[in-house]
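For reference, the structure is listed below as structure tokens.
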Amino acid sequence: MNLHFIIGSYRPGKCGISDYVSLLSSRIKIYGVTPEIIEFRNYSGRSFLKKIEDLPHKDLLSIQFAPYSFSPIGLAGPSLLNLGRIIRNRKVHIMFHEIWIGAYRNASWKEKVLGFCQKKGVLKFLHIVQPEWITASNAAALYLLGREGVKVRYQYLFGNMPFTFTNTKKNNQTCKIAFFGTPYQKFPYELLAEKLKTLFEITRQKIELRIIGRQRDKTGLAEILKIAQKHQFTTSETGELSSDKISIELQTCSIGVSTTPYDVLGKSGATAAMLEHGLPVIAFDDGDTPLEKLFVNEEFSDQVFLLNNNTLIDRMIGFLNQKRKPFFDGVAYTAEDMIKMLN
């Protein structure tokens, strides 16, 4: 049995889903499986469907799904629904990297209307396909799909930064706080600054906000620089870096900050990279998903610290006083999960 990843567009280095598929494919080869990556954008509607139709029926088709990967407006068009009809009686896995927009409290009416149409298309696609496995990477997606009657389970989305060994030592006089990934504007930066000040008044270290990687969105970055100036934190930016240099950067930091809301933390490859490199990560629960539905991967249950939790300072000091956790190989972890589907 072979494995075929079906993806909207395959652009490693420029697309998180592409990086995910690239690393996962390489790892799966260790098990004697040679995955094929099929790009939706490389075919016209008919030729794409013909390509899928000609695949052996016993093979596993793993659809890496995000609405905008298969449509510029994020809606399930005829090609996607026709794909569903062709693969209906096959061995199919669907991994939801995104489900639909507008499912959070402060969504605009436009997002809600488009999200409703997206949801309708997604559910119709699932009804046609009847996949053997449906997976998602985060608490919000599992909750929203489950609420619609979809039987879905968790699958870990790993970081895209393999470990690179370094002899570089941390400066114990300064605590580097890593911001890796897109810093979102709506994150409570002022609350973060207050917590950091309290924490480092106790440890008596200086604070450096280390902004790692290329920043496409400057609005969140502006908020980081604003709190740094107000509270006299040092800031530094690395600019775009290779994956090995990012790995080294993460190893020289003491704490990570994820501005991705806690309920969708699992879909952030940048957050996964910080956790895999042993960093404690500060996050924020925006309340969009019921408390009882929230979770993080059990491997990192002691590494995530919520800003809106009164125990953050005490827990963080306790964590920082421990020996740093070794690198967690998330690619190997998820590859093993995929291999179970093939057996």
Side-chain angles (χ1 to χ4, degrees), residues 14-17 19-20 66-68 74 96-108 110-112 114-115 136-141 143-144 157 159-161 176-196 207 209-231 233 235-241 246 249-250 253 255-275 279-289 294 296 300 303-309 312:
K14 297 181 179 180
C15 164
I17 299 176
D19 291 338
Y20 173 85
Y68 291 95
F96 279 101
H97 293 268
E98 303 276 356
I99 48 172
W100 50 79
I101 67 170
Y104 59 98
R105 285 179 300 175
N106 296 321
S108 67
K110 185 176 180 180
E111 288 174 320
K112 289 179 179 178
L114 180 55
S137 63
N138 60 85
Y143 167 66
L144 292 169
L157 187 145
N160 296 331
M161 298 297 146
K176 284 187 182 181
I177 313 294
F179 286 84
F180 177 45
T182 302
Y184 293 105
Q185 186 179 15
K186 293 182 180 180
F187 185 79
Y189 290 98
E190 185 58 38
L191 177 59
L192 171 67
E194 293 169 5
K195 295 286 187 180
L196 291 178
I207 299 173
L209 306 184
R210 186 70 163 162
I211 300 152
I212 301 171
R214 180 164 55 122
Q215 299 300 310
R216 296 182 179 88
D217 185 351
K218 301 296 183 181
T219 54
L221 177 60
E223 293 295 325
I224 296 173
L225 299 177
K226 181 179 174 182
I227 62 164
Q229 183 177 32
K230 179 178 178 181
H231 296 280
F233 301 153
T235 62
S236 58
E237 299 181 48
T238 69
E240 188 169 4
L241 295 174
I246 290 175
E249 282 287 341
L250 293 176
C253 292
I255 296 174
V257 175
S258 176
T259 63
T260 301
Y262 180 57
D263 60 346
V264 291
L265 206 65
K267 73 173 186 175
S268 170
T271 303
M274 291 191 285
L275 292 168
L279 286 173
V281 172
I282 297 174
F284 181 75
D285 177 17
D286 60 8
D288 281 344
T289 299
L294 296 175
V296 292
F300 310 119
Q303 284 178 249
V304 178
F305 298 77
L306 292 179
L307 267 179
N308 38 350
N309 189 312
L312 184 149

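Just so we're clear, the structure is a prediction, and the values are computed from it rather than from any experiment.
- Residues Thr235 and Ala228 approach most closely at CG2-CB, 3.2 Å, considering heavy atoms.
- The nearest pair of heavy atoms linking Gly102 to Lys112 is O-CG, 3.8 Å.
- Here CG of Leu279 is found 6.5 Å from SG of Cys253. Values are rounded to the nearest 0.5 Å.
- The line from NZ of Lys176 to CD1 of Ile207 is 14.5 Å long, rounded to the nearest 0.5 Å.
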Show the numbers, then the answer: is there a side-chain contact (heavy atoms from CB on, under 4.5 Å) between Leu192 and Thr259?
CA-CA 10 Å; Leu192 171 67; Thr259 63; over 6 Å; no
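- Atom NE2 of His97 and atom CD1 of Ile17 lie 5.0 Å apart (nearest 0.5 Å).
- The two residues Ser268 and Leu157 make their nearest non-hydrogen contact at C-CD2, 4.3 Å.
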Which is it for Tyr143 and Leu294 under the side-chain contact (heavy atoms from CB on, under 4.5 Å) test, yes or no, and what are the steps along the way?
CA-CA 9 Å; Tyr143 167 66; Leu294 296 175; over 6 Å; no
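- Counting heavy atoms from C-beta on, the side chains of Leu196 and Leu209 come closer than 4.5 Å.
- Closest heavy-atom contact between Asn160 and Gly16: ND2-O, 3.7 Å.
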Test Glu223 against Ile227 for side-chain contact (heavy atoms from CB on, under 4.5 Å), laying out the working first.
CA-CA 6 Å; Glu223 293 295 325; Ile227 62 164; 5.8 Å; no
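- A donor-acceptor pair is defined here as one N or O able to donate and one able to accept, closer than 3.5 Å; such a pair exists between the side chain of Thr238 and the backbone of Gly213.
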Does Lys195 form a side-chain contact (heavy atoms from CB on, under 4.5 Å) with Ile282? I'd like the steps, not just the answer.
CA-CA 10 Å; Lys195 295 286 187 180; Ile282 297 174; over 6 Å; no
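- Going from atom CD1 of Ile211 over to atom CD1 of Ile177 covers 12.0 Å, rounded to the nearest 0.5 Å.
- The closest side-chain heavy-atom distance from Tyr68 to Ile101 is below 4.5 Å.
- Sorted by first and then second residue, the salt bridge (charged side-chain N to carboxylate O under 4.0 Å, His left out) pairs with a member in residues 96-105 read Glu98-Lys267, Arg105-Asp288; sequence neighbours excluded.
- Nearest approach of Arg214 to Arg216, heavy atoms of both residues: NH2-NH2, 3.0 Å.
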Side chains of residues 178-187: which donor-acceptor pairs under 3.5 Å do they make with residues two or more places apart or in other chains?
none

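- Every residue was checked against the side-chain hydrogen bond (donor to acceptor under 3.5 Å, both in side chains) condition with Asn308, not counting sequence neighbours, and none meets it.
- Pairing each heavy atom of Thr271 with each of Thr260, the nearest pair is OG1-OG1, 4.5 Å.
- How far NE2 of His231 is from CD of Glu194: 6.5 Å, rounded to the nearest 0.5 Å.
- We find the CD1-CD distance between Ile255 and Gln303 to be 12.5 Å, quoted to the nearest 0.5 Å.
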